[in-house]
Visitor: 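The structure that follows is given in the form of C-alpha cells.
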Amino acid sequence: MLDIKVLRDDPEAARQAARKKRMPDRANAVDRALQLDAELRVLTPKLDGMRADQKAGSKEIGKMAPADREAFLGGQKAKKEELKHFEEREKQLKAEIEQALALVPNIPDSEVPDGKDDTENVEVKKHGMVRQFPFAAKAHYEIGEAQGWLDFTRAAELSGSRNYVLFSDLALLQDAVLRFSIDLMVERGFVPVDPPVMVRDPAMFGTGFFPGGEEQTYRCEKDGLNLIGTSEVPVTSLHAGEILSEADLPKKYVARSMCFRREAGTYGKDTRGLYRVHQFQKVEQVVLDIADKARSLEHHAAIVQNAESCLQAFELPYRIVAVCGGDLGVPQAFKYDIETWMPSRNAYGETHSASRFYDYQARRLGLRYRDALGKVRFCHTLNNTVIASPRVLIPLLENHQNPDGTVNVPAALRPYMGGRAVIGKKVF
RNA sequence: GGUGGGGUGGCAGAGUGGCUGAAUGCGGCGGUCUUGAAAACCGCUGUCGGCGGAAGCCGACCGGGGGUUCGAAUCCCCCCCCCACCGCCA
C-alpha cells in the first residue's frame, strides 16, 4: 500500500507506475482513491467540529442541576441526529479509500526497464559457461524416469496433472540441496524458520498477493485459510501489527516450506517435467529492516549474492535479469530474477526471484518500528529465493549428467549425499 | 465437538456509565549523582488524523461490527480471535 500522501503529492507518478506495470485498471484506482480522499478531507474538519460541540455539551450536562437538564437534552439529541448521517458517510469513504488504495501498485524504481513481459527483461550478469555436450544430452525427466527417480504417471493418477513423485537418490538429492542452502544461510546470520503453510487472509493481503492472486491460491474455505505459494507470506507477516524496536532490526530469516500454486491459466505451458508443478519446497530469505533506501539496496545486493553462492556451489551456469515493468508484481519496486541454464529448454529458466518492496508490504501489514528519535515508522521488506525444488533439480540433473545416465554430484553437496560423487546406474 | 476464562498503551496489568486516553509496574528517553558505569532518585514517554511556524488546540481509537444513552473501555446484541480443561484423533 502506498501512503495516500504520495498520491496527493504526485498522482501522475502513481498512475504512471500502474501503466509501467501494465495494469491500466489499477491506474484508475489512483483517481478513485483521490476523489474519495478529497471528499473525506472536506468532511473531516466539519465532522470534528460537530463532534467537539456535541461532546462539550455532554460534559456540561453532567454538572448541571437536574432542573436545567431538560432544556439542554433536546439540543443534544438534535446534534446527535445531525451527526449520524455524516458519520455514516465518513465510514463509507474510509472503507472505499482503503479499497481503492489497496489496488494501487507499488511504484517501480526508475531503473526498472520498460517492457511488457518476461521477454523484455534485461540481462545484467551472466555467470559460468554453458556446457557443450559431446553426446545427446537427455532431459531431466528422461534421466529421472530411466533411473526410477521420477514418476509422473502415478502422480497424475493420485493428484492430477502438474504433480510428481520423487524416489530414491533424487528424493535425497532434493533434501541435500535444501539442507545445504539452509546451512549456508544460517552461516550468514539468518535465523531459520519453519512457518505455517496455511495462513489467514490478512497475511495474503498484507504481502500484496490479495486482492488479485486469489485464482493462484489453494484455499481451505471451511477454515478460511490459504495455502501459501511462498513462505514470504507467513515470514514477512510474522511481525504484522507490531512495533519493533530499532535495536531488533534487521530481522533476517531463512524459511523452508512447502509451497502450493494452482497455476491457473497456464494450461499447455511447461507441461513436461518438473518445471511447473503445483507443490514444491522452497528455502526463502526474508529481510525486515528500517525505512532506509540505501539499506534496502544493500540487503537486496546481499540476498542476490546469497542465491548466487548456492548456484555457484552447485556448479550451475546462471544469469541475472532485471525484471521489466510488465513482469513486475503489484507490491514490488524492483526485482531481479535469477535464471539457471536448463539444457532441455536450451535456455535459462527462472529459479529465483529477488524483490524489494520498501514500505509497501509493511504498510499493509502494520509492520512498524520505533526509530532512534522515538518516531514510529514502517519497515522495509525484501525477499529472495535461496533454492526452490524440484525446479532446481532440472539444471542439476541436466548439467551434471553423464552419457550413461548417471549424474555427478557437485562437491558441495557430497557431504549431504553420503559422500558420493555420482548417483544412478548405467541406463543408457 | 463440549465447558469455562479472556482480548486494554512497546510489554505486563488495573479499570463496570461522566472526574479515564486510560492507575501501577517494567521497558525507553532526558536529568541528578559518579573518574566512568551500575544502583538510587527526579522528570518525560500511546497510535492515527485535522489546524498551527511552534507551543498547543480539536477529533478518532481500549479485538471487529451494530445498538442503548445527553455521555460507553465500562451496559446490550452479533462476529472474530486467544487461553484452559474435557472428549476425539494423530
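Chain A is the first sequence line, chain B the second, and so forth, proteins listed ahead of strands; every chain is numbered from 1.
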Visitor: What integer distance in Å separates A/Glu87:CD from B/rG59:P?
Guide: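 Computing the A/Glu87:CD to B/rG59:P distance gives 13 Å.
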
Visitor: Roughly how many Å apart are B/rU74 and B/rU69, using the C1' atom of each and rounding to a whole number?
Guide: 13 Å

Visitor: For RNA chain B, whose closest nucleotide is more 5', that of A/Lys91 or that of A/Arg200?
Guide: A/Lys91

Visitor: Round to a whole Å and report the spacing from CG of A/Leu47 to P of B/rC51.
Guide: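 Interatomic distance, CG of A/Leu47 to P of B/rC51: 15 Å.
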
Visitor: Is a side-chain donor or acceptor of A/Ser245 paired with a backbone partner of A/Ala247 at a separation under 3.5 angstrom?
Guide: yes

Visitor: In whole Å, what is the span from the CD atom of A/Glu82 to the P atom of B/rC70?
Guide: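 My rounded result for the distance is 17 Å.
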
Visitor: Between B/rG21 and B/rA12, how far is it from one P atom to the other, in whole Å?
Guide: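 Each nucleotide's P atom is 24 Å from the other's.
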
Visitor: Provide the Watson-Crick or G-U wobble partner of B/rG46, both distances under 3.5 Å; none if there is no partner.
Guide: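 Pairing partner: B/rC61.
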
Visitor: Report the distance from atom NZ of A/Lys94 to atom P of B/rA60, rounded to the nearest whole Å.
Guide: 10 Å

Visitor: Please classify the nucleic acid contact of A/Lys79 as base, sugar-phosphate, or nothing, using heavy-atom distances under 4.0 Å.
Guide: nothing

Visitor: How many whole angstroms separate atom CZ of A/Arg51 from atom C1' of B/rC58?
Guide: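 To the nearest whole Å, that distance equals 11 Å.
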
Visitor: Which base sits across from B/rG56 as a Watson-Crick or G-U pair, both distances under 3.5 Å?
Guide: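 By the stated definition (distances under 3.5 Å), B/rC51 pairs with B/rG56.
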
Visitor: Can you tell me, in whole Å, how much space there is between the C1' of B/rC78 and that of B/rA23?
Guide: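 B/rC78 and B/rA23 have their C1' atoms separated by 32 Å.
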
Visitor: Output the rounded distance in Å from CD1 (A/Ile243) to P (B/rU45).
Guide: 17 Å

Visitor: Go through B/rA60, B/rG46, B/rG18 for me and flag the one nearest to the A/Ser58 side chain.
Guide: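 When the side chain of A/Ser58 is considered, B/rG18 is the closest of B/rA60, B/rG46, B/rG18.
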
Visitor: Would you say A/Lys21's side chain and A/Pro108's backbone share a donor-acceptor pair under 3.5 angstrom?
Guide: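 The answer is no, because no donor-acceptor pair under 3.5 Å joins these two groups.
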
Visitor: What interatomic distance, in whole Å, is found between C1' of B/rG28 and the corresponding atom of B/rC11?
Guide: 11 Å

Visitor: Using both distances under 3.5 Å as the test, list the Watson-Crick or G-U wobble partner of B/rU74, or none.
Guide: none

Visitor: Are the side chain of A/Asp175 and the backbone N or O of A/Leu173 linked by a donor-acceptor pair below 3.5 Å?
Guide: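 Here the side-chain-to-backbone pair does not exist.
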
Visitor: So with a 6.0 Å cut-off around CD of A/Glu111, is the heavy-atom count from everything else above 12?
Guide: yes

Visitor: Is atom CD of A/Glu87 surrounded by more than 12 heavy atoms (other residues, nucleotides or ligands) closer than 6.0 Å?
Guide: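 Yes, enclosed.
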
Visitor: Considering only side-chain heavy atoms of A/Gln54, which listed nucleotide, B/rG46, B/rC70, B/rG66, is closest?
Guide: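 In terms of side-chain proximity for A/Gln54, the closest of B/rG46, B/rC70, B/rG66 is B/rC70.
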
Visitor: So, A/Lys252 and A/Glu284, do they make that salt bridge, N to O below 4.0 Å?
Guide: no

Visitor: What is the base-pairing partner of B/rG9, counting Watson-Crick and G-U wobble geometry with both distances under 3.5 Å?
Guide: none

Visitor: Which atom pairs link the protein and nucleotides 48-50 of chain B when you take only N or O atoms and keep those under 3.5 Å?
Guide:
unit_1	atom_1	unit_2	atom_2	d
B/rG49	N2	A/Asp48	OD2	3.3
B/rG50	OP1	A/Arg41	NH1	3.4

Visitor: What class does the angle between the rings of A/Phe180 and A/Tyr416 fall in, given that below 30° is parallel, 30 to 60° is tilted and above 60° is perpendicular?
Guide: perpendicular

Visitor: Would you mind reading off the distance between A/Glu90 atom CD and B/rG59 atom P, rounded to a whole angstrom?
Guide: 14 Å

Visitor: Look at the rings of A/Phe260 and A/Tyr218 and say which category their plane angle falls in: under 30° parallel, 30 to 60° tilted, over 60° perpendicular.
Guide: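 Plane angle over 60°, so perpendicular.
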
Visitor: Give me the distance, rounded to whole Å, that separates B/rG15 from B/rG6 when you measure between the C1' atoms they each carry.
Guide: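 Comparing C1' positions in B/rG15 and B/rG6 gives a spacing of 15 Å.
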
Visitor: Taking a pair as Watson-Crick or G-U wobble with both distances under 3.5 Å, which nucleotide is matched to B/rA40?
Guide: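 The answer is B/rU32, by the H-bond criterion.
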
Visitor: Are any of the side-chain nitrogens in A/Glu215 or A/Arg261 under 4.0 Å away from the carboxylate oxygens of its partner?
Guide: no

Visitor: Could you tell me whether the phosphate oxygens of B/rC70, OP1 or OP2, come under 4.0 Å of any side-chain nitrogen or oxygen in A/Lys55?
Guide: no

Visitor: Provide the distance between the two C1' atoms, one in B/rG46 and one in B/rC62, to the nearest whole Å.
Guide: 11 Å

Visitor: Looking only at atom C1', what distance separates B/rA72 and B/rG66, rounded to whole Å?
Guide: 14 Å

Visitor: So what's B/rG4 paired with, Watson-Crick or G-U wobble, going by both distances under 3.5 Å?
Guide: B/rC83

Visitor: On RNA chain B, check which nucleotide each of A/Asp223 and A/Ala56 is closest to and give me the residue with the more 5' one.
Guide: A/Ala56

Visitor: Could you tell me the separation between the OH atom of A/Tyr369 and the C1' atom of B/rG28, rounded to a whole number of Å?
Guide: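 Whole-Å distance recorded here is 16 Å.
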
Visitor: Between B/rG1 and B/rU68, how far is it from one P atom to the other, in whole Å?
Guide: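 So the two P atoms sit 34 Å from each other.
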
Visitor: Any base atoms under 4.0 Å from A/Lys46, or only sugar-phosphate, or nothing? Heavy atoms, all strands.
Guide: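 Here A/Lys46 touches no strand at all.
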
